[in-house]
Every structure is written in structure tokens, then in C-alpha cells.
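This is a predicted model, so every value here is computed, not measured. In listed order, ligands and their atoms are each counted from 1.
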Amino acid sequence: MDSDSDSDGSHVSATPPRDHIPPPPPPPPLKPRARPTSSSRSSARTPAPKPQSHRLPNPSNLPSQDLTAMSIPSPLSTAPFHVRRPLDPPETVATIDSFQILPAGHFSKSASFSKLQRPSLNFENEESDLARSKSELKSETVERDGSAVKSTSSVKAARKNLNLIRANVALPPTKLRKSGGEGNFVRLNMNHNSYRRKFLSKSARKNSRSSGFKRFPKRRKGKFGAEIEAQMEGVFEEEGLVTESTKQKIMQESESRKFDSELVEAALSAVRNDASDVNLVKLLKLVYGYDLFRDRQLEAIRMVLAGKSTMLVLPTGAGKSLCYQIPSMILPGMTLVVSPLVALMIDQLKQLPPMINGGLLCSSQTWQETSETLRLLQEGSIKVLFVSPERFLNEDFMGIFSTDQLVSLVVIDEAHCLSEWSHNFRPSYTRLRASLFHVRLRVNCILAMTATATSTTLDAVMGALEIPSSNLIQKVPLRDNLQLFISMSHNRMKDLLMLLRSSPYSEVQSIIVYCKFQSETDLISRYLRDNNISAKSYHSGIPTKDRARIQELFCSNKIRVIVATVAFGMGLDKRDIGAIMHYSLPNSLEEYVQEIGRAGRDGRLSYCHLFYDDMTYFKLRSLAHSDGVDEYAVDKFLCQVFNNGTTSHGQVCSIMKESASRRFDMKEEVMLTILTHLELGEVQYLQLLPQLNVTCTLNFHQTQPVLLSDKDIVVAAILKKSEARQGQYVFDIPTVANSIGVTAAELTNHLQNLKLKGEITYETKDSAYCYVVVDVPEDICSLSANVTKWLSDIESCKVHKLDAMNGAAVFALNTCERTNGCSGTQHTWCLQRKIMDYFDKDYHCDIPSKMTQSSSFLRADIKVFLQSNSQAKFTPRAVARILHGISSPAYPSMIWGRTHFWGRYMKVDFQVVMEAAKAELMNFVGKDTV
Ligand SMILES: Nc1ncnc2c1ncn2[C@@H]1O[C@H](COP(=O)(O)OP(=O)(O)OP(=O)(O)O)[C@@H](O)[C@H]1O
């Protein structure tokens, strides 16, 4: 069977429109998505419904421009994305005890595993770059917030599916044994103790009228549902909820599960003998209930099974996960999935089919939970393990793989994060190089997946992972069931309300409105509620529990509109979101494509409307410069990193994040980017260690400190290197560790042991980047120049991405002749063209930037500003930031926002303002200072 075997007719044009939408003529580009004639395909499927038409938005109701009937010849139609409505997948799940691919003892017990059992595991800050700035404007920031979302969703999921993570707790072990499952879920401490209570003890449950099980969602029967039913049985019995018929049902399902697991086992061995398309489709049907593979899935699976590293670029919701899940069942070893966000990991774990035992290692777990996951790993009962890229910094973790070849496949999810030229560069991803996997994990096959990567990004990713260009599987980044609209707006709030009240949006059940600022989301959702639209805001400033609740309400259709920052949507698999509204311009076409990709995952026609206004563009353009740094600051930072060149090879050093950030006027994530570059750039100057709280305050409780120091060299070193303050000993962990030649992690392990013995108590603070010096640069100045140049290229790239997004929007608004299907505010055709050009050719925006290149009063204003703030020290960038209204660690808006120069030159190009500031500073303080 060919890889395009899903041309089965259940494509967009064949799917019903959203309820009550009156019919427009079916858009032409959707026509090619006809049902296949192949008998093998058609026999497996019920006939798809005929294309239906849709009523178009009422022109009179629209904010700015008319929406008239249109046909939409899609540029994507040459490579259509076929979305079919899946059959109901097996719903309830449980472990399949007969499915044991990794032999017991597959993990050598003598390996460094024992080390990992210690309470000393220092994974604390490992994903701390996932919890960076709180600023809503940075997509990285908000994504990191996403991690908070999962806790509740995971709980909810765990109630349905044993394969899932559960927040804080697992089901009581007795229940697991009873059900025969080995507990292939992973415990995840997301600090929701409220959930823990529900699973405490039998008596506690009995006494608890509010047991979580009572609120167990309606249990839908699935092929593998018996086990969870069986698990629940005990609980329901206790609560008198199990009837005879339920028990019978459970027994029947248990039998059917056994039968199904035997079938799956048989299908797997058939595929292992002969990975033919027919055998793979049989497996697909059995495990997922789907009749056919979607476009490019089979191709990707075949590549992976053949051991070829592959780059897979498919649009959001196209079914990338299946491309590693199926191989993970077939291949002998474990599949390691690297993901940038805990939210995503949890989501992926939740979506694993029941016969794949999944696990997760993340920083929010307690060490007991981490140890439990590692124990399952050791037993060989985890088949797919989700980890963050920071995990590879941890030698204990890496040690697991030092003996056997445990991993068959490495999957890099959101692989674009590897490239600094992507819209979402993660320094920690740069560690993910082919050599790491080949040498340390001894795995040759890497599957890199993304939905949004330009050709430049792809080159960078494939280069780092050594994926040959012939192994690229790619589809256009957009699904063709999305209609794209854009309108100029001078009163976005009113226009939004008007649009939501007009067709087709008035008939859409679930809508996301994306904003840039937290305050906007609160304001707009309140406004919508005041106007009788069920809406809630969602952003990283909302407490985790509340966010999870809001997401739940949205998913269960109890809230119609979510007004959110980019924090919402990561890992969200709500298939029937019918519309996405952009209240603000996205930062890039990648971000736009990602966000509109959350609509119409069920394949039905969905609507995406972008409100354009000039001010937002100017604001975002300013903010694109907020990560930039001067050579001056980089130089000072590098001097600190290498202690003015006095550090020596092997020395463990640390940089306290908060204080350094203020001192160098550099965001924490920028410091991390530089440090990662120093580790993974052309010359390796250092090796990053897991982040750590470095300042320790210690109290002795039993033995006299001096007596204890006689038999404990760590205590002796602490006494020597610490400052005594009111009976407490305050010291710097790396300094003490260096003095006795142990690692900081070893030192904290030792402290933990002393604490367990009751000898001491201690507290740590001051989160810091830690590293070992590998090589000291001979010329820090030229290194600073190189690093600055690299950072400034990244800064320009961000500006370029915003300009490309803006250019596409402005083209649609002002230049599009509204031919080829575009009409009124509907610009599907022209926006698709722009997006495709952008991803294909890394197209440069041909619309001149709106930024002003000069201003007659600029120099004079800078002069006044400097004179009136003569007590402060500025760099040209600091002045330019203030004039652009950009907050920075050393010049926060709380203080500097009060000056009337704040943001005054936002419309003048940042570089122009910086040059002017440089010239004025030279006049003002003399050449030496700048
Ligand atoms: N062959 C198939 N037939 C029908 N449905 C499928 C098929 N493959 C995957 N799906 C379903 O499509 C949905 C989206 O899949 P998945 O989450 O893997 O998409 P994705 O490409 O990873 O999207 P994103 O980039 O947004 O994470 C899931 O519900 C999945 O079960």
C-alpha cells in the first residue's frame, strides 16, 4: 500500500460543515480530495458524506470589509492534506501484560543505575529554562507555562486510562496488582495534593464522600477497557456502585481484552517478519481502529523501521505521533522521545495506545517518582520514555545507557527548536546532536518531527542530526480545511464582538481568541461575558489549578470562547475547535500556522480571523529587540564566566541567575544561550551542569561542628569556606565542592545524607547556571565579538520573521487584488501563497518595513534624557530600549516606565535609535564609556 493510502475520501470537502452553517459553494481546492477508487480502500470505509456548502459571513456584520461568497482555489491543492474523520479509537485502556518487548533485566542492574536510586538525584532545575521569563510576549515563555496545564488534564486522563500519567499519585498498588497491570503509568508530582487525597487509603476513600472516583467520567467501553474497569471495580464495590451487570460487563471486556492483546501480539510478530504495507495497516486497524494511514505516515514508518534517520515535516494534527508509536511497538528496544515541554510530554504520554507502556522524566517529579520511573526502566517495562533535552546534562541519566543498547529510536519532537533560525529556538536543544545519540546512546536512528520549519531551519536541524536530504518527508505546513480571514481594525474589541455574533462564528461551538498580553485576555473575556458570550481568559499568570479547570471546561464545551495568550493550546487535542481569532498579530508566520492549526483537527471547515492594527506591529517590533545584547555586556559576562581568564581546566563554576541578569542587563535565557554556545560552539570552552541553588545555609543539630568535621571532610570544608551568621553557616556550594574535588551534586547528596541522620538541616537558594571549565579562551575580546555577532543575527532573524508576518498581512489587506478566490476579508488563497513561499524559500518580506528611519527630535530628546538621568549609567542599547518602551532586567518598566521618554520612539527603527543614542552618549560622557 502506498503512503498516500489515506486518500479515502473523508477529506475536508466531504466532511459536514459545522452545524447550522448554510451552504456556500464548495471551495474548489477541496475538490481534488475525492474518495479513492481503489476497492481495497473503499471497502474499508463507509461512504463519505457529500460536500456541503457553508453560509458565508454576513457582510453587513463585519468589522471593516465585506465578506462575500467566495470560492477558494487553494495553492495547497497541489499537495493536499487529507483529513479523515477517524473511527472512534479504543477508549479505555490498560497494560497488556503479554506485551513485553524489553526482556526483564534488559537494563543492567550493575550499571550506574544504583546511583540513580539515591535521593540525591539532582534534576531540580533541569527544565528551568522551560520556566523562564513570565513575559507573555515570548512564545518560549508561555509554552513553558503550558507545563502547568497538564496536571489536571493528566488526572482526568488517568481516570480513563491506565496508560496515563496521573498527577501526584498512582492508583493504590493493590489495585494495580488486582487488575494485572503493572502500572504502566508514570507518577508525576505536579504539586496537586488535592488529588493525592483521593487515592490515599481504603478507609480514607471510604470516608471521603468526595472521592475522585465518584466523578469518574462516563466510562466508554473500549477494546482494552477491562483492566481499568477491573481496577475501578474494587473502588465501586467499596462504594456500593457495582451492579451484577457491570461485573458481567467487566468480565466480558476482560476476555475481549485478552483476545485483542493476543491479536495485537500476532499482528506485531507478522510485521516483524514482514513489514509489508498490508501487515502495517492491519496493525494500525487493530491498535488504533483506523482503516488507513494518512498521507506520508507509512513512508515515515517504513524509513524508521529500515533504521534510517528521518526528518518528518507534517502540519499540526496530521498524525506525526503515530509515526514513532508504531515503530516503538515493533522495534526491540526503547524509544526515547525528546520534547521541549512537560505539557507536551504529558499529552503525548496520554495519547499512547494501551499496549505501549510509557514513562516520563521531568523536573516536576519528586525524587521518589523519578526513582519509580527509573525502576520501571530498569525492569524493562517502559517502552516509550519522554524526556526533556536538559536530561542529557545529567550524567546519572546518561549512565543508564552506558552498557547495553537499550534505545532503538530517538525521536526529537518540535525539532525546529534546534535551530537558532527557527521561531522558537531552545538553547538546550542544541545539545541534541547526532554524535550524542550515536556515541552515548548507541542509537543510529533518529526521527526529527516538526510542523513548522523554513528551509533554513530544516538545513540546520538535518545538519545537526546528520539526516541526509533524501530522508526528508515533507508536506505543506497548512491544512486546507482552514479559511483565512484578515481585517484592519481600529476598535478590535468591538469588531471581535461583532464578528462573534455574526455567521459563521455565531454557530461555532469552540473558539480560541489569541492575544499578546495577559491584561488583554482578562479585559476581553470580561467584555465578552458582559455581552452574553461564554468566555474565559487563560494565561500563565492564572494559577495552575484554575488554568487546568478552564481548559477542562473548554474541552467539555462548557465554555465557548477561550481568550488566551500563546500559553494556551500546546498539547491540546480538542478536535472540534471551529475558529481561531487573532486579536493581535502573531510574531511569525510559524506562530500563525501553529495557532490556526489548532482549529479543524476534525477535518471540518474552520475559520481563522486576524485583526490587524498598526500599533500592535510597532509594539511587537520593539519587543523583537528585547533579547538583544551589546558587545560590551557580552564581554563583561564572559569575563565573569572565566573569572577574567583566571579559571582553570576542570574548575566548577556558577553564575547566579538573578543577580547576573541585573548586572549584565541580560535576560536569564540569553545568558543560558551564551553558555550553551560556549559549550556546543566550534570550540568547547565549558561543559554545562544541571542548574542548582548555590547558596546554602546550614544548621548543626547533634554533633558539635568541629567534632563532626574531624570525621567528615565535607563538614570540614564547609567550616573552612563558610561565613558564620547567628549560628548558621552560609556557603557557596560550588566553592566548597571545588575545594575537596567533588561535584556539586555529590556534595548535595552528602548533605542530604547528613540531614537524614538528623545531623544537620539546610536550605538552598540562588538558582545558578553551573558549569565546568574545559578551555579558557586566550582572547576574551574576540570571543565576545563573535558571540555578539551570532546573537545579533538571531535578533535580526526575529525581526525578519515578524516583518514577514506583517508583510503577508499587509499584502492581503492592501495589495491583494482579490482574485483567485480571495474576496472581502477572506484571503485564504493569498495568505496560503505567502506562507508557502515563506516556508519553501525563506522568502524575504517584499513589503518595506513601516518603521521610520529618522526623526528630527531624536538626538535632542536623547540629550535631554541623558541630562535628566545623569546619575545612571547607560549603554546605547539601554537608551534605545527605554525610548522603545522595552523593559529589561536593569531598566525595568516599573521604574523607567515613569519617564515621559518611555516608548516615545517606538515607531523609529531600533537600530536608528541605538545609533543616535551612541552618538549622544559619546558627546555626553566621552568615548571611553561607550
Ligand atoms: N491514520 C490516521 N487516521 C485517522 N486519524 C489519525 C491517523 N493518524 C493519526 N490520527 C489522529 O490524528 C490526531 C492528531 O494526531 P497527532 O497528535 O499525532 O498529530 P500531530 O501531527 O502530532 O499534531 P501536532 O503537531 O499538533 O502535535 C490524533 O487524534 C490521532 O489519533
K.L.:
Tell me whether C323 reaches ligand 1 (any heavy atom closer than 4.0 angstrom to a ligand atom).
P.N.:
no
K.L.:
Please say whether L322 places an N or O atom under 3.5 Å from an N or O atom belonging to ligand 1.
P.N.:
no
K.L.:
Output the list of atoms in ligand 1 that are nearer than 4.0 Å to some heavy atom of P315, sorted by atom number.
P.N.:
21 (O)
K.L.:
Quick one about E591 and Y514 (side-chain donor to acceptor, distance below 3.5 Å, no hydrogens or angles considered), yes or no?
P.N.:
no
K.L.:
Does any N/O atom on A451 come nearer than 3.5 Å to any N/O atom on ligand 1?
P.N.:
no
K.L.:
Please confirm whether R598 comes under 4.0 Å of ligand 1, counting heavy atoms of the residue only.
P.N.:
no
K.L.:
Between R302 and E299, is there a salt bridge with N-O shorter than 4.0 Å?
P.N.:
no
K.L.:
For N279 and A270, which heavy atoms make the closest approach, and how far apart are they?
P.N.:
ND2-O, 3.5 Å
K.L.:
What closest approach, in Å, do Q297 and G319 show between heavy atoms, and which atom pair accounts for it?
P.N.:
NE2-O, 2.9 Å
K.L.:
Which bit of L292 gets closer than 4.0 Å to ligand 1, counting heavy atoms only: side chain, backbone, both or neither?
P.N.:
backbone
K.L.:
What I want to know is whether T316 and ligand 1 share at least one N or O pair that is separated by under 3.5 angstrom.
P.N.:
no
K.L.:
Given the side-chain rings of H423 and H416, with only the six-membered ring counted for Trp, is the space between their centroids under 6.0 Å?
P.N.:
yes
K.L.:
When you compare ligand 1 with G317, is there at least one nitrogen or oxygen pair between them that comes in under 3.5 angstrom?
P.N.:
yes
K.L.:
Return the orientation label for the Y607 and F485 ring planes: parallel under 30°, perpendicular over 60°, tilted otherwise.
P.N.:
tilted
K.L.:
Could you tell me whether ligand 1 has any atom less than 4.0 Å away from a heavy atom of R575?
P.N.:
yes
K.L.:
Looking only at N/O atoms, are S321 and ligand 1 under 3.5 Å apart anywhere?
P.N.:
yes
K.L.:
Counting each atom of ligand 1 from 1 as listed, which ones have a heavy atom of Q297 under 4.0 Å away?
P.N.:
1 (N), 2 (C), 7 (C), 8 (N), 9 (C)
K.L.:
For R560, give me all partners under salt bridge (charged side-chain N to carboxylate O under 4.0 Å, His left out), at least two apart in sequence or on another chain.
P.N.:
none
K.L.:
Under 4.0 Å, heavy-atom basis, I'd like to know which part of F293 is in contact with ligand 1: side chain, backbone, both or neither.
P.N.:
backbone
K.L.:
Should the proximity of R601 to ligand 1, defined as any heavy atom under 4.0 Å, be assigned to the side chain, the backbone, both, or neither?
P.N.:
side chain
K.L.:
Is the terminal nitrogen or CZ of K574 (NZ for Lys, CZ for Arg) located under 6.0 angstrom from the six-membered ring centre of F554 and within 45° of that ring's axis?
P.N.:
yes
K.L.:
Report the residues that fulfil salt bridge (charged side-chain N to carboxylate O under 4.0 Å, His left out) with E590, sequence neighbours left out, ordered by chain and then residue number.
P.N.:
K801
